[in-house]
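Below you'll find the structure, written out as C-alpha coordinates, and then a few comments.
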Amino acid sequence: DTGVSQNPRHKITKRGQNVTFRCDPISEHNRLYWYRQTLGQGPEFLTYFQNEAQLEKSRLLSDRFSAERPKGSFSTLEIQRTEQGDSAMYLCASSWGAGETQYFGPGTRLLVL
Amino acid sequence: AQSVAQPEDQVNVAEGNPLTVKCTYSVSGNPYLFWYVQYPNRGLQFLLKYITGDNLVKGSYGFEAEFNKSQTSFHLKKPSALVSDSALYFCAVRVPDGGFKTIFGAGTRLFVKA
(Lines give C-alpha, C1' and ligand atoms only; values in the text may rest on other atoms or scores of the structure.)
Protein backbone atom coordinates (compact mmCIF):
# COMPACT_ATOMS: atom_id res chain seq x y z
CA ASP A 1 0.00 0.00 0.00
CA THR A 2 1.44 3.35 -1.04
CA GLY A 3 -0.73 5.63 1.04
CA VAL A 4 -3.25 8.25 0.00
CA SER A 5 -2.86 9.50 -3.56
CA GLN A 6 -4.33 12.57 -5.20
CA ASN A 7 -4.60 13.57 -8.84
CA PRO A 8 -3.75 15.85 -10.39
CA ARG A 9 -1.02 17.32 -8.22
CA HIS A 10 -1.37 20.70 -9.87
CA LYS A 11 -4.20 22.35 -11.78
CA ILE A 12 -4.28 25.74 -13.46
CA THR A 13 -7.63 26.86 -14.78
CA LYS A 14 -9.40 29.97 -15.88
CA ARG A 15 -12.11 31.58 -13.83
CA GLY A 16 -15.50 30.10 -14.62
CA GLN A 17 -14.22 26.67 -15.60
CA ASN A 18 -15.09 23.46 -13.77
CA VAL A 19 -12.41 21.29 -12.18
CA THR A 20 -12.47 17.82 -10.67
CA PHE A 21 -9.96 16.30 -8.29
CA ARG A 22 -9.57 12.66 -7.37
CA CYS A 23 -8.49 11.06 -4.11
CA ASP A 24 -7.60 7.40 -3.64
CA PRO A 25 -7.49 6.55 0.07
CA ILE A 26 -5.63 3.75 1.79
CA SER A 27 -7.55 0.69 0.72
CA GLU A 28 -8.94 -0.51 4.04
CA HIS A 29 -9.87 2.96 5.31
CA ASN A 30 -13.60 3.63 5.55
CA ARG A 31 -13.47 7.38 6.24
CA LEU A 32 -12.33 9.95 3.75
CA TYR A 33 -11.94 13.67 4.32
CA TRP A 34 -11.46 16.73 2.14
CA TYR A 35 -9.72 19.88 3.36
CA ARG A 36 -8.67 23.17 1.83
CA GLN A 37 -5.42 24.83 2.85
CA THR A 38 -4.38 28.35 1.93
CA LEU A 39 -0.97 29.86 2.47
CA GLY A 40 -0.22 30.46 6.12
CA GLN A 41 -3.27 28.60 7.36
CA GLY A 42 -4.05 25.17 8.64
CA PRO A 43 -6.27 22.76 6.74
CA GLU A 44 -9.93 23.79 6.77
CA PHE A 45 -12.43 20.97 6.95
CA LEU A 46 -14.71 20.70 3.91
CA THR A 47 -16.47 17.36 4.14
CA TYR A 48 -16.08 13.74 5.10
CA PHE A 49 -17.44 10.36 4.06
CA GLN A 50 -17.96 7.17 5.94
CA ASN A 51 -17.92 4.53 3.25
CA GLU A 52 -20.09 6.03 0.49
CA ALA A 53 -22.17 8.25 2.78
CA GLN A 54 -21.32 11.94 3.01
CA LEU A 55 -21.93 12.62 6.67
CA GLU A 56 -20.93 16.23 7.16
CA LYS A 57 -20.31 19.27 5.04
CA SER A 58 -18.74 22.53 6.09
CA ARG A 59 -20.45 25.83 5.47
CA LEU A 60 -17.30 26.57 3.45
CA LEU A 61 -18.59 24.11 0.89
CA SER A 62 -20.73 26.35 -1.26
CA ASP A 63 -23.20 25.15 -3.87
CA ARG A 64 -20.39 25.21 -6.42
CA PHE A 65 -18.58 22.43 -4.56
CA SER A 66 -19.66 18.80 -4.67
CA ALA A 67 -17.99 15.65 -3.48
CA GLU A 68 -18.77 12.03 -4.13
CA ARG A 69 -17.52 8.67 -3.05
CA PRO A 70 -19.70 6.39 -5.14
CA LYS A 71 -18.43 2.98 -4.12
CA GLY A 72 -16.87 3.82 -0.81
CA SER A 73 -13.38 3.76 -2.31
CA PHE A 74 -12.03 6.73 -4.28
CA SER A 75 -13.60 10.17 -4.02
CA THR A 76 -13.93 13.15 -6.32
CA LEU A 77 -14.23 16.81 -5.46
CA GLU A 78 -15.71 19.03 -8.17
CA ILE A 79 -15.68 22.80 -8.20
CA GLN A 80 -18.01 24.42 -10.68
CA ARG A 81 -17.60 27.94 -12.07
CA THR A 82 -14.25 28.40 -10.34
CA GLU A 83 -13.39 31.74 -8.78
CA GLN A 84 -9.99 33.20 -7.97
CA GLY A 85 -10.76 32.71 -4.28
CA ASP A 86 -10.86 28.96 -4.87
CA SER A 87 -7.09 28.97 -5.41
CA ALA A 88 -5.69 26.77 -2.65
CA MET A 89 -4.24 23.37 -1.85
CA TYR A 90 -6.95 20.72 -1.64
CA LEU A 91 -6.04 17.91 0.72
CA CYS A 92 -7.54 14.48 1.07
CA ALA A 93 -7.10 12.22 4.07
CA SER A 94 -8.37 8.81 5.10
CA SER A 95 -8.75 6.98 8.37
CA TRP A 96 -10.07 3.81 9.94
CA GLY A 97 -11.23 2.88 13.39
CA ALA A 98 -11.95 4.82 16.53
CA GLY A 99 -8.44 6.19 16.94
CA GLU A 100 -9.02 8.62 14.11
CA THR A 101 -5.47 9.08 12.90
CA GLN A 102 -5.80 10.65 9.48
CA TYR A 103 -3.36 9.88 6.70
CA PHE A 104 -2.97 12.68 4.22
CA GLY A 105 -2.30 12.71 0.53
CA PRO A 106 0.15 15.15 -1.09
CA GLY A 107 -2.64 17.49 -2.12
CA THR A 108 -3.80 19.11 -5.35
CA ARG A 109 -2.71 22.70 -5.81
CA LEU A 110 -5.32 24.73 -7.68
CA LEU A 111 -4.61 28.08 -9.29
CA VAL A 112 -7.54 29.96 -10.77
CA LEU A 113 -6.51 32.72 -13.17
CA ALA B 1 -17.20 28.61 18.80
CA GLN B 2 -14.97 25.57 18.60
CA SER B 3 -11.39 26.49 17.83
CA VAL B 4 -7.74 25.57 18.05
CA ALA B 5 -5.09 28.20 18.72
CA GLN B 6 -1.38 28.03 18.08
CA PRO B 7 -0.24 31.33 19.56
CA GLU B 8 3.21 31.35 17.96
CA ASP B 9 3.64 31.71 14.22
CA GLN B 10 7.28 30.72 14.54
CA VAL B 11 9.52 29.09 17.12
CA ASN B 12 13.30 29.32 16.91
CA VAL B 13 15.52 26.97 18.88
CA ALA B 14 19.14 25.91 18.76
CA GLU B 15 19.99 22.31 17.96
CA GLY B 16 20.27 20.24 21.10
CA ASN B 17 18.01 22.52 23.12
CA PRO B 18 14.51 21.52 24.23
CA LEU B 19 11.61 22.77 22.16
CA THR B 20 7.97 23.50 22.90
CA VAL B 21 5.24 24.29 20.38
CA LYS B 22 2.08 25.53 22.07
CA CYS B 23 -1.53 24.61 21.39
CA THR B 24 -4.74 25.48 23.17
CA TYR B 25 -8.24 24.48 22.22
CA SER B 26 -11.81 25.49 22.88
CA VAL B 27 -14.34 22.72 22.42
CA SER B 28 -17.02 21.25 24.59
CA GLY B 29 -16.72 17.71 25.84
CA ASN B 30 -13.65 15.52 25.73
CA PRO B 31 -11.79 16.04 22.47
CA TYR B 32 -9.32 13.86 20.66
CA LEU B 33 -6.11 15.88 20.17
CA PHE B 34 -3.50 15.47 17.46
CA TRP B 35 -0.20 16.86 16.23
CA TYR B 36 0.77 16.70 12.57
CA VAL B 37 3.94 17.88 10.84
CA GLN B 38 4.31 19.20 7.32
CA TYR B 39 7.66 19.20 5.56
CA PRO B 40 8.17 21.27 2.39
CA ASN B 41 6.49 19.74 -0.65
CA ARG B 42 5.18 16.84 1.41
CA GLY B 43 1.81 15.97 2.88
CA LEU B 44 0.90 16.23 6.53
CA GLN B 45 2.27 13.43 8.67
CA PHE B 46 0.85 12.20 11.93
CA LEU B 47 3.07 12.69 14.99
CA LEU B 48 0.97 11.74 18.01
CA LYS B 49 -2.49 11.84 19.55
CA TYR B 50 -4.28 11.94 22.86
CA ILE B 51 -7.58 10.14 23.27
CA THR B 52 -7.69 9.10 26.90
CA GLY B 53 -5.44 7.84 29.67
CA ASP B 54 -1.99 9.13 30.54
CA ASN B 55 -1.73 12.86 29.97
CA LEU B 56 1.79 12.53 28.55
CA VAL B 57 1.73 11.07 25.07
CA LYS B 58 4.81 9.93 23.19
CA GLY B 59 4.96 9.93 19.43
CA SER B 60 7.19 9.72 16.41
CA TYR B 61 10.73 11.14 16.11
CA GLY B 62 11.11 11.63 19.87
CA PHE B 63 8.23 14.09 20.19
CA GLU B 64 5.82 14.07 23.10
CA ALA B 65 2.84 16.15 24.15
CA GLU B 66 1.12 16.83 27.43
CA PHE B 67 -2.62 17.09 27.72
CA ASN B 68 -3.75 19.59 30.35
CA LYS B 69 -7.50 19.57 30.74
CA SER B 70 -7.71 22.49 33.15
CA GLN B 71 -5.70 24.73 30.83
CA THR B 72 -7.21 23.17 27.67
CA SER B 73 -3.73 22.82 26.25
CA PHE B 74 -1.81 20.18 24.34
CA HIS B 75 1.74 21.46 23.94
CA LEU B 76 4.23 19.59 21.76
CA LYS B 77 7.68 19.02 23.22
CA LYS B 78 11.00 17.44 22.43
CA PRO B 79 13.94 17.25 24.85
CA SER B 80 16.64 17.85 22.25
CA ALA B 81 15.88 19.49 18.91
CA LEU B 82 17.44 18.44 15.61
CA VAL B 83 17.95 20.59 12.52
CA SER B 84 15.81 18.03 10.67
CA ASP B 85 12.87 18.89 12.97
CA SER B 86 12.51 22.20 11.13
CA ALA B 87 9.03 22.08 9.62
CA LEU B 88 5.47 23.34 9.99
CA TYR B 89 3.55 21.84 12.91
CA PHE B 90 -0.21 21.68 13.22
CA CYS B 91 -2.32 20.98 16.26
CA ALA B 92 -5.75 19.48 15.59
CA VAL B 93 -8.83 18.53 17.57
CA ARG B 94 -11.62 16.15 16.67
CA VAL B 95 -14.87 17.67 17.71
CA PRO B 96 -16.51 15.26 20.14
CA ASP B 97 -20.06 15.52 18.89
CA GLY B 98 -20.42 12.06 17.45
CA GLY B 99 -19.02 13.04 14.06
CA PHE B 100 -15.48 13.08 12.75
CA LYS B 101 -14.95 16.72 11.88
CA THR B 102 -11.41 17.84 12.73
CA ILE B 103 -10.33 21.42 13.34
CA PHE B 104 -6.73 22.42 12.71
CA GLY B 105 -4.73 25.28 14.13
CA ALA B 106 -3.03 27.78 11.84
CA GLY B 107 0.33 26.11 12.29
CA THR B 108 3.67 26.98 13.90
CA ARG B 109 6.86 27.05 11.89
CA LEU B 110 9.77 25.57 13.79
CA PHE B 111 13.31 26.61 12.91
CA VAL B 112 16.14 24.65 14.49
CA LYS B 113 19.54 26.27 14.02
CA ALA B 114 22.74 24.27 13.97
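We name chains A, B, ... by the order of the sequence lines, and we start the count at 1 in each one.
In this structure, chain A has a heavy atom under 4.5 Å from the side chain of B/Q38, while its backbone stays farther away. Only the side chain of A/E56 comes within less than 4.5 Å of a heavy atom in chain B; its backbone stays farther off. Only the side chain of A/Y35 comes within less than 4.5 Å of a heavy atom of chain B; its backbone N, CA, C and O stay farther away. Looking at A/Q6, there are no atoms closer than 4.5 Å to chain B (heavy atoms on both sides), in backbone or side chain.
Sparse packing is recorded around CD1 of A/I12, with 12 or fewer heavy atoms of other residues, nucleotides or ligands lying under 6.0 Å away. Residue A/E52 places its CD atom among more than 12 non-hydrogen atoms of other residues, nucleotides or ligands, all under 6.0 Å distant. With a 6.0 Å radius and a threshold of 12 heavy atoms from other residues, nucleotides or ligands, A/R64 has its CZ atom above the threshold.
Here the OG1-CZ distance, from B/T102 to A/F45, works out to 7.5 Å after rounding to the nearest 0.5 Å. Between atom OG1 of residue A/T101 and atom CD of residue B/Q45 there is a gap of 13.0 Å, rounded to the nearest 0.5 Å. The distance from atom CZ of B/F46 to atom CZ of A/F104, rounded to the nearest 0.5 Å, is 11.5 Å.
Residue pairs that meet the disulfide bond (SG atoms under 2.5 Å apart) test with at least one member in residues 54-84 of chain A, sequence neighbours left out, do not exist here.
Transitive grouping of hydrophobic side chains (ILVMFWY, heavy atoms separated by less than 4.5 Å) keeps B/W35 and B/L82 in distinct clusters. The cluster map of Ile, Leu, Val, Met, Phe, Trp and Tyr, joined by side-chain heavy atoms under 4.5 Å apart, puts B/F111 and B/L47 in different clusters. Hydrophobic cluster membership is shared by B/F34 and B/I51, with clusters built from Ile, Leu, Val, Met, Phe, Trp and Tyr side chains linked at under 4.5 angstrom. No continuous path of hydrophobic side-chain contacts links A/F74 to A/I26 [ILVMFWY only; heavy atoms under 4.5 Å]. Linking ILVMFWY residues whenever their side-chain heavy atoms come closer than 4.5 Å, directly or via other members, places A/L32 and A/F65 in the same cluster.
Heavy-atom pairs under 4.5 Å with chain B peak, among A/S95, A/G40, A/A93, A/G42, at A/G42.
In terms of modelled atom types and a separation under 3.5 Å, the side chain of B/Y36 and the main chain of A/Q102 share a donor-acceptor contact.
Contact residues of residues 105-113 of chain A toward chain B are A/G105, A/P106 (heavy-atom distance under 4.5 Å).
Closest approach of A/Q37 and B/F90 over heavy atoms only: NE2-CZ, 3.3 Å.
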